[in-house]
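What's counted below: heavy atoms across the whole structure, side chains too, no hydrogens, waters or symmetry copies.
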Amino acid sequence: MRILKTQTLRGPNYWSIRYPNLILMRLDLEDLADRPSDQIPGFYEALAETLPSLIEHFCSPGHRGGFLSRVRQGTYMGHIIEHVALELQTMAGMPVGFGRTRSVAEPGVYQVVFEYQNEQAGRYAARAAVRLCNSLVETGHYAKEELEQDLADLNEFRLDAALGPSTEAIVRAAETQDIPWMQLSTRAMIQLGYGRYQQRVQATLSSKTSILAVELASDKEGTKQILRSAGVPVPRGTVINYLDELENAIEDVGGYPIVVKPLDGNHGRGITIDIDTYQAAEEAYEAAKEVSKGVIVERFYRGRDHRVLVINGRVIAVAERVPAHVVGDGKSTIEQLIELTNQDPRRGVGHDNLLTRIEVDRTTWQLLDRRGYTLDTVLPEGEICYLRATANLSTGGIAIDRTDDIHPDNIWVAQRIAKTIGLDIAGIDVVTTDISKPLREVDGVIVEVNAAPGLRMHVCPSVGIARNVAEPILAMLFPPGTPARVPVVAITGTNGKTTTTRLTAHIFKQTGQMVGFTTTDGIYIGDNMVEPGDTTGPQSAQVILQDPTVEVAVLETARGGILRSGLAFEDCDIGVVLNVAADHMGLGDIETLEDMAHLKSVVAESVRPSGYAVLNADDPLVSAMAQRVKSQVAYFSMDPHNDLVRKHSQQGGLAAVYEQGYLSILKGDWLLRIEQAEKVPLTMGGKAPFQIANALAASLAAFAQGVDIDCIRQALHTFEASSDQTPGRMNLFNLGRFHALVDYAHNPASYEALGGFVKNWPGRCIGVVGGPGDRRDNDFITLGKLAAQMFDDIIVKEDDDTRGRDRGDAAQWIVRGIEEVPSEVTYRTILDETEAINTALDAAPDDSLVVILPESVTRAIALIKTRNPLPPQASGLNGAVESVAQPVDQYAEATPSGLLKS
């Protein structure tokens with residue numbers, strides 16, 4: 001077996017809406033293509049012995065051991081690879097369960113799809129699964145050390161990609177509140193929400209965190225001075241920079257015992273407590289100096305260490321932190337007790353785990369020396385031996401929840417401190433013998449104020465109640481009634497996507513909102529292009545969703561992006577599917593129109609329950625998608641008598657129809673006329689039916705999202721199929737004696753749609769035609785047949801990029817199609833696109849129409865503009881249109897546009 005290709009899907013996709021994170025592996029079974037597992041001697045036994053936990057895979061039998069029973073009875077290796085890849089990840093601490101395996105047209109080749117939690121781990125699991133199964137087939141075993149290395153590597157990927165307990169808590173809370181989130185590309189930042197409503201967090205630093213407050217909290221001595229001035233009890237202390245200042249500093253704070261710690265430190269690094277000799281003070285000074293230039297010398301206050309978490313001015317949680325320690329059992333050495341404690345599965349390296357492994361260091365040896373102990377000392381049963389001077393979880397400490405124990409006076413003090421320092425999220429360290437009593441009664445002090453405090457001691461305390469501390473953070477960032485999302489409109493289909501996207505964006509612009517949109521010619525925010533090129537994939541969509549100025553996102557969503565990576569968003573508010581037709585067939589294993597429809601339906605199925613799937617009622621493959629969506633449905637149709645639309649509207653549903661020459665909205669019994677098609681420039685005087693359909697779809701999408709009908713009407717009046725607003729989409733140029741039309745039609749459906757306009761042209765029609773080289777031979781023949789039915793004269797050209805075909809091959813197939821149609825059409829072949837265009841324009845007769853279907857829209861338009869086309873004619877709109885409501889018969893004679901009772 002060998003892997004031909006591996007893709008990472010990161011959003012709703014062809015394989016699943018519910019499981020967006022999938023690895024898609026194209027696997028060639030080679031000589032195993034015709035050998036199911038029951039025909040491979042010893043394979044079942046070897047697989048069950050190597051991965052006995054596969055017994056938990058139910059698979060299609062639906063019971064424990066179901067998958068292994070399939071292996072025993074005989075199943076193909078692609079299916080087995082899927083389950084092995086899932087199990088390897090699960091064994092490495094990343095439980096996953098979704099998978100699919102499908103054969104493709106190429107014999108012996110399968111698409112193997114399985115879920116992942118971490119991208120790198122998922123891709124590694126794909127390779128490891130193939131390696132493991134190949135080894136079982138060839139040798140009957142997989143070395144234990146190889147499997148252990150696989151699991152170690154996978155675990156390392158998991159740890160490297162872990163968000164950390166604080167971030168993890170915040171994003172999980174966001175998911176429960178339906179707030180979208182995404183990782184940004186730098187500084188471990190997380191974006192919560194979309195567009196203008198977004199907030200950002202970096203652990204527990206937030207968009208609302210004051211940089212001045214962070215700087216002050218980082219200055220431990222400055223913080224202490226501010227708090228002392230405010231009457232808050234803080235330790236007596238001073239800052240020194242040189243060793244010869246140490247002795248005087250000890251006297252200044254009132255003598256021993258003292259604490260020595262770095263001026264700028266965190267996670268308890270470089271801190272030594274309960275110092276009672278000058279020699280120990282010197283050693284502590286050197287340890288602190290390794291962390292910070294400045295060193296704090298403070299009086300040591302006896303008591304227990306507490307962390308008080310204040311969010312948005314309120315105390316949310318309190319934890320007592322106990323330093324790393326072991327408890328004697330009367331028979332084990334301290335070293336053995338440390339090892340036993342570290343076997344707790346919650347403990348790991350660093351502070352990204354729920355608990356941290358206990359490591360022996362200088363501080364540990366000092367504490368042991370004070371008590372006359374070594375690592376070989378056997379502790380009496382029940383005796384506690386502390387291994388750290390500070391109670392930080394990052395050095396192996398544990399947390400005990402004390403939220404219900406804190407005295408109201410101490411709550412008031414903590415909340416006042418957070419306000420005084422200016423932190424939206426503050427971790428206040430308190431040393432007191434009893435947190436349930438006011439600090440001044442028990443000589444308690446505020447030791448430190450921390451910006452970006454960790455949450456894990458509150459989310460997962462070792463003892464006591466876990467506190468939901470992430471929810472108050474989200475409530476601060478998104479107060480009740482504050483949205484987290486901008487409206488997201490996703491538009492897909494075989495033809496018309498770009499025009500509909502641009503028109504939809506143009507409609508939303510009439511509302512005064514900042515619109516971000518993606519198209520095949522670039523990313524736009526407002527009227528400004530952010531990036532040129534074909535930007536219809538998920539990465540381009542994320543540019544819009546991450547932009548803090550965007551108020552509405554309108555996203556052209558092409559098949560390629562969905563196949564390669566999935567959608568950029570988990571769900572959208574409006575999902576438009578224009579049509580499904582033959583295009584790019586055979587690419588990405590999309591072999592049939594049904595396959596294509598399933599792919600396009602990803603957009604419709606991703607619409608939120610409160611949103612609308614806007615579907616073409618005239619296309620059976622599109623209208624059938626209504627059975628799969630979880631949202632409301634709105635239909636558009638060029639046929640006012642479409643049965644589906646009639647039934648839908650009779651049930652109170654929303655629709656848009658072309659009736660009596662009008663673009664109209666249906667809502668239950670009411671008909672709202674927007675405008676006559678002939679007054680909409682995009683429709684070219686009502687002569688381009690497919691542009692009427694595009695306008696219906698855009699108008700319906702906007703209306704469903706709450707855009708006023710007057711804004712829709714104004715947008716339809718001011719949007720034209722020009723090279724400025726819709727380059728390459730029905731761009732008509734008046735060259736005086738004749739006209740030229742540039743359109744990016746490149747598949748049979750778009751040729752047919754274009755033909756609906758061309759056939760109405762009164763003069764002779766010349767076509768400059770071609771098609772992308774990655775189409776099938778029969779597709780080119782079809783294009784040739786359609787061209788012969790549309791044009792009087794044809795010039796066949798080819799794209800500069802032949803996409804793997806020999807030069808002239810695509811043109812020959814098109815010519816074959818032309819020749820198969822009995823007609824008087826004349827044709828010739830000029831492969832170079834520039835030459836073909838210039839030849840057609842030079843020879844165009846009076847009153848004719850030259851239709852150019854280019855590879856490069858920009859080049860074609862530039863060639864036309866060198867011939868100085870006349871300026872566009874005035875639109876000829878006949879005055880303002882008023883909205884009036886009056887009951888009329890269903891689809892009555894044309895009346896002033898308005899809301900009409902049907």
Side-chain angles (χ1 to χ4, degrees), residues 10-12 174 178-186 189-201 206-208 477-479 481-492 497-498 500-558 561 565-576 603 606-608 610-612 614 698 701-708 711-712 715 719 725:
R10 304 177 183 88
D178 198 27
I179 296 174
W181 67 275
M182 63 182 77
Q183 289 182 271
L184 300 181
S185 58
T186 186
M189 285 197 296
I190 301 292
Q191 176 180 315
L192 302 167
Y194 290 151
R196 68 167 293 193
Y197 299 120
Q198 67 178 269
Q199 299 287 343
R200 295 176 182 175
V201 295
S206 82
S207 302
K208 297 183 181 297
L477 297 175
F478 301 97
T482 302
R485 304 166 177 267
V486 298
V488 175
V489 181
I491 297 170
T492 194
K497 296 186 297 295
T498 299
T500 306
T501 298
R502 282 182 165 274
L503 176 55
T504 304
H506 187 67
I507 293 172
F508 276 103
K509 287 179 185 179
Q510 311 308 306
T511 67
Q513 299 179 91
M514 179 61 70
V515 183
F517 59 103
T518 59
T519 70
T520 52
D521 50 77
I523 302 172
Y524 295 83
I525 295 176
D527 295 324
N528 300 301
M529 178 183 281
V530 175
E531 182 180 332
D534 187 343
T535 57
T536 56
Q539 290 181 331
S540 304
Q542 285 194 344
V543 172
I544 299 299
L545 298 177
Q546 290 176 11
D547 191 280
T549 68
V550 167
E551 296 173 287
V552 179
V554 182
L555 309 173
E556 181 177 346
T557 308
S565 303
L567 300 180
F569 44 85
E570 289 189 4
D571 48 34
C572 56
D573 299 278
I574 304 291
V576 181
V603 169
S606 297
V607 180
R608 300 163 59 79
S610 59
Y612 276 92
V614 175
F703 187 83
Q705 190 55 36
V707 177
D708 184 83
C711 290
I712 298 174
F719 186 83
Q725 287 189 310

Less than 4.5 Å apart, any side-chain heavy atom of [X] and any of [Y]?
X	Y	answer
Val515	Glu551	no
Lys497	Arg502	no
Gln191	Trp181	no
Ile525	Ile544	yes
Ile491	Thr501	yes
Pro532	Asp521	no
Leu567	Thr557	yes
Val486	Arg196	yes

How many angstroms lie between atom [atom1] of [X] and atom [atom2] of [Y], to the nearest 0.5 angstrom?
X	Y	atom1	atom2	value
Ser207	Arg200	OG	CZ	7.0 Å
Tyr197	Thr482	OH	OG1	9.5 Å
Ile190	Ser206	CD1	OG	13.5 Å
Asn528	Ile523	CG	CD1	13.0 Å
Phe719	Thr504	CZ	OG1	8.5 Å

Checklist entry - Should Val603 and Val576 be marked as a side chain to side chain contact (heavy atoms under 4.5 Å, CB included) after you check the CA-CA gap, both sets of side-chain angles, and the distance that decides it? => result CA-CA 7 Å; Val603 169; Val576 181; over 6 Å; no

Could you pull out the closest heavy-atom pair between [X] and [Y], with the gap in Å?
X	Y	answer
Phe478	Pro483	CD2-O, 3.8 Å
Val607	Gly575	CG2-N, 3.4 Å
Gly516	Val550	N-CG1, 4.0 Å
Ser565	Pro538	CB-CG, 3.5 Å
Gly193	Ile179	N-CG2, 3.8 Å
Ala568	Leu545	O-CD1, 4.2 Å

Item to check | Derivation of the salt bridge (Lys or Arg N to Asp or Glu O under 4.0 Å) call for Asp178 and Arg485 | outcome: CA-CA 10 Å; Asp178 198 27; Arg485 304 166 177 267; 3.0 Å; yes

Next on the checklist: Please determine whether side chain to side chain contact (heavy atoms under 4.5 Å, CB included) holds for the pair Phe517 and Val489, giving the CA-CA distance in whole Å, both sets of side-chain angles, and the decisive distance to 0.1 Å.
Outcome noted: CA-CA 9 Å; Phe517 59 103; Val489 181; over 6 Å; no

Checklist entry - Just by distance, with hydrogens left out, do Glu556 and Thr519 show a side-chain donor and acceptor under 3.5 Å apart? => result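 No - no donor-acceptor pair under 3.5 Å links their side chains.
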
Next on the checklist: Hydrogens and angles aside, do Thr518 and Ser540 bring a side-chain donor and acceptor to less than 3.5 Å of each other?
Outcome noted: no

Checklist entry - Going through the checks in order, is the side chain to side chain contact (heavy atoms under 4.5 Å, CB included) test met by Gln705 and Asp573? => result CA-CA 8 Å; Gln705 190 55 36; Asp573 299 278; 3.6 Å; yes

Checklist entry - Between Thr535 (side chain) and Gly522 (backbone), is there a donor-acceptor pair under 3.5 Å? => result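 Side chain of Thr535 to backbone of Gly522: a pair is present.
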
N/O donor-acceptor pairs under 3.5 Å from side chains in residues 505-512, not counting sequence neighbours:
from   : atom 1 : to     : atom 2 : distance (Å)
His506 : NE2    : Thr718 : OG1    : 2.7
Lys509 : NZ     : Gly526 : O      : 3.3
Lys509 : NZ     : Asp527 : OD1    : 3.0
Gln510 : NE2    : His506 : O      : 2.8
Thr511 : OG1    : Phe508 : O      : 2.5
Thr511 : OG1    : Gln513 : NE2    : 2.9

Checklist entry - Counting heavy atoms not belonging to Gln546, are there more than 12 under 6.0 Å from its CD? => result yes

Item to check | Any pair counted as salt bridge (charged side-chain N to carboxylate O under 4.0 Å, His left out), so long as it reaches residues 532-549, sequence neighbours left out | outcome: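 Sorted result for residues 532-549: empty, none.
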
Next on the checklist: Show, in sequence, the C-alpha distance, side-chain angles and deciding distance for Met182 and Tyr194, and conclude whether the side chain to side chain contact (heavy atoms under 4.5 Å, CB included) test is met.
Outcome noted: CA-CA 9 Å; Met182 63 182 77; Tyr194 290 151; 3.6 Å; yes

